[in-house]
There are 2 protein chains.
Amino acid sequence: MPDNPMSQSGQSLLFLTDEQLRKGIEAMFFAYRGFTADPDRILADMEYGRAHHRAIHFIHRSPGTTVNNLLSILGVTKQSLNRVLRTLIEDGLVESRVGKEDKRERHLHLTIKGAELERSLSDAQRDRMRAAYRAAGPVAVAGFRQVLEAMMDHDLRRHYDTLKDRGA
Amino acid sequence: MPDNPMSQSGQSLLFLTDEQLRKGIEAMFFAYRGFTADPDRILADMEYGRAHHRAIHFIHRSPGTTVNNLLSILGVTKQSLNRVLRTLIEDGLVESRVGKEDKRERHLHLTIKGAELERSLSDAQRDRMRAAYRAAGPVAVAGFRQVLEAMMDHDLRRHYDTLKDRGA
DNA sequence: CTTGGAATGTCAACAAGGCTGACTTATCCT
DNA sequence: AGGATAAGTCAGCCTTGTTGACATTCCAAG
């Protein structure tokens with residue numbers, strides 16, 4: 001069946017061509033813009049940016065996480081994170097509690113107000129994701145996740161997997 | 001077959017849960033970091049950044065494109081693009097030719113030197129993409145593209161489609 | 001044919017959010 | 001007691017986004 005591009009041989013030949021790979025690269029670029037567009041719009045009205053969104057997301061995801069842990073998840077420097085964290089704490093969106101076991105540590109939690117913002121940001125982002133999932137269907141979604149997971153750096157993949165199954 | 005998560009009913013119930021959507025969001029976040037990591041490493045050694053990479057990519061992709069067209073593809077202001085473009089032109093990676101029909105326009109082309117950098121950047125990025133594609137397989141790749149395409153903003157999707165099939 | 005508006009591209013100045021490096025404070029652990 | 005670790009801070013830099021003002025060119029209405 002040499003004419004059917006979906007045949008085994010056709011698949012194995014075509015999906016790794018430079019042309020296919022380049023389309024994948026451009027798809028990532030354009031899709032990521034869409035992915036961040038809705039939260040960005042919400043944040044633009046406040047004095048926050050994408051960095052605040054990321055911090056809020058992962059604090060919500062791992063309540064009580066330490067600054068150090070957040071640092072390695074986000075992959076930024078401590079100074080960068082600290083600037084963001086300081087404004088979030090000052091504005092009463094995030095609470096920093098001295099560690100009970102180890103008093104050097106600070107455990108981060110969202111306040112009610114912080115959880116509200118997290119909710120509105122993730123609602124917006126999930127709405128788009130849901131529409132994309134629905135349009136593409138469950139088989140496509142499984143493939144989407146597989147490729148993304150294979151694309152991650154080893155270290156980030158570890159963080160992703162650690163978060164992955166909590167509460168699933 | 002109520003126990004098989006891959007059954008029709010299981011699929012249609014599970015792939016749109018908030019939990020599934022949140023995992024997709026995190027997969028996008030971590031995968032995008034991997035996606036840009038290799039070109040970023042190359043660029044860090046020079047005095048360029050990700051913005052230069054994007055400009056070079058799309059000039060390579062659409063030789064002779066105007067500044068205005070590039071602007072709407074990249075979705076930045078013309079001042080932002082101009083700064084990047086100016087350094088690329090000064091360094092002899094990009095050539096800007098006054099339009100023949102409309103002298104207000106500037107048509108952009110990569111020089112030999114520019115094409116060499118483009119090559120090394122896209123080689124690095126394609127290598128990672130190829131490994132991910134190979135690991136996930138052709139069916140997953142098709143799904144990956146479907147979900148990403150459904151996630152794009154309408155305007156960006158138009159640009160993506162316009163680029164999509166040239167030379168494929 | 002000229003003149004005014006629209007379009008294209010350039011320059012100047014500023015802000016967000018990355019980065020490095022040096023340092024302090026508090027705490028833990030050997 | 002003393003080194004290692006967690007967090008926070010200050011200073012200063014770079015990239016890359018922003019807005020506003022401006023020059024050039026085109027085109028169409030008077």
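Throughout, protein chains are lettered first and strands after them, A, B, ... in sequence-line order, and every chain is numbered starting at 1. Only heavy atoms go into these numbers, but all of them, side chains included; no hydrogens, no water, no symmetry mates.
Minimum heavy-atom separation, B:G24 to A:R145: CA-CD, 4.2 Å.
Looking at B:L70 and B:I59, their side chains come closer than 4.5 Å, going by heavy atoms from C-beta outward. In this structure, the side chains of A:I25 and B:M129 come closer than 4.5 Å at one or more pairs of heavy atoms. Annotation: side chain of A:M152 is in contact with side chain of A:Y160 (closest heavy-atom distance under 4.5 Å). Side-chain atoms of A:M151 and A:L148, non-hydrogen and from C-beta on, do get closer than 4.5 Å to each other. Residues B:R61 and A:E26 meet the side-chain proximity criterion, which asks for heavy atoms closer than 4.5 Å.
Taking atom CD of B:Q79 as the reference point, atom P of D:dT16 lies 16 Å away to the nearest angstrom. Between A:R83 atom CZ and C:dA15 atom P the separation is 14 Å, expressed in whole Å. Note: CG (B:D45) to P (D:dT15) measures 13 Å, nearest angstrom. Atoms CG (B:L71) and P (D:dT18) sit 10 Å apart, rounded to a whole Å. Here the C1' atom of nucleotide D:dT15 and the CD atom of B:E47 are 12 Å apart, to the nearest Å. Atoms NZ (A:K78) and P (D:dC10) sit 13 Å apart, rounded to a whole Å. Rounded to whole Å, atom C1' of D:dA4 lies 14 Å from atom CD of A:E105. Residue B:N69 contributes atom CG, which lies 15 Å from atom C1' of C:dA7 at whole-angstrom precision.
With hydrogens and angles ignored, the 3.5 Å screen pairs no side-chain donor or acceptor of B:S62 with any backbone N or O of B:T65.
In terms of phosphate contacts, A:T77 brings a side-chain nitrogen or oxygen within less than 4.0 Å of OP1 or OP2 of C:dC19. Distances shown here put every side-chain N or O of B:N82 at or beyond 4.0 Å from the OP1 or OP2 atom of C:dG9. An OP1 or OP2 oxygen of C:dA7 is reached within less than 4.0 angstrom by no side-chain nitrogen or oxygen of B:N68.
Aromatic ring pairs are classed by plane angle as parallel below 30°, tilted from 30° to 60° and perpendicular above 60°; the pair B:Y133 and A:F15 is parallel.
The aromatic ring centres of B:F29 and A:Y32 sit 6.0 Å or more apart.
As judged by a 4.0 angstrom heavy-atom cut-off over every strand, B:G75 is placed among residues making no nucleic acid contact. Using a 4.0 Å heavy-atom distance criterion, A:R86 is classed as a sugar-phosphate-only contact.
Taking a 4.0 Å limit (strictly below) on heavy-atom distances, residues 50-58 of chain A reaches DNA chain C at A:R50, A:A51, A:H52, A:R54.
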> In B/S/- notation, 5' to 3', how is nucleotides 25-30 of chain C contacted by protein heavy atoms closer than 4.0 Å?
Replying inline: -BBS--
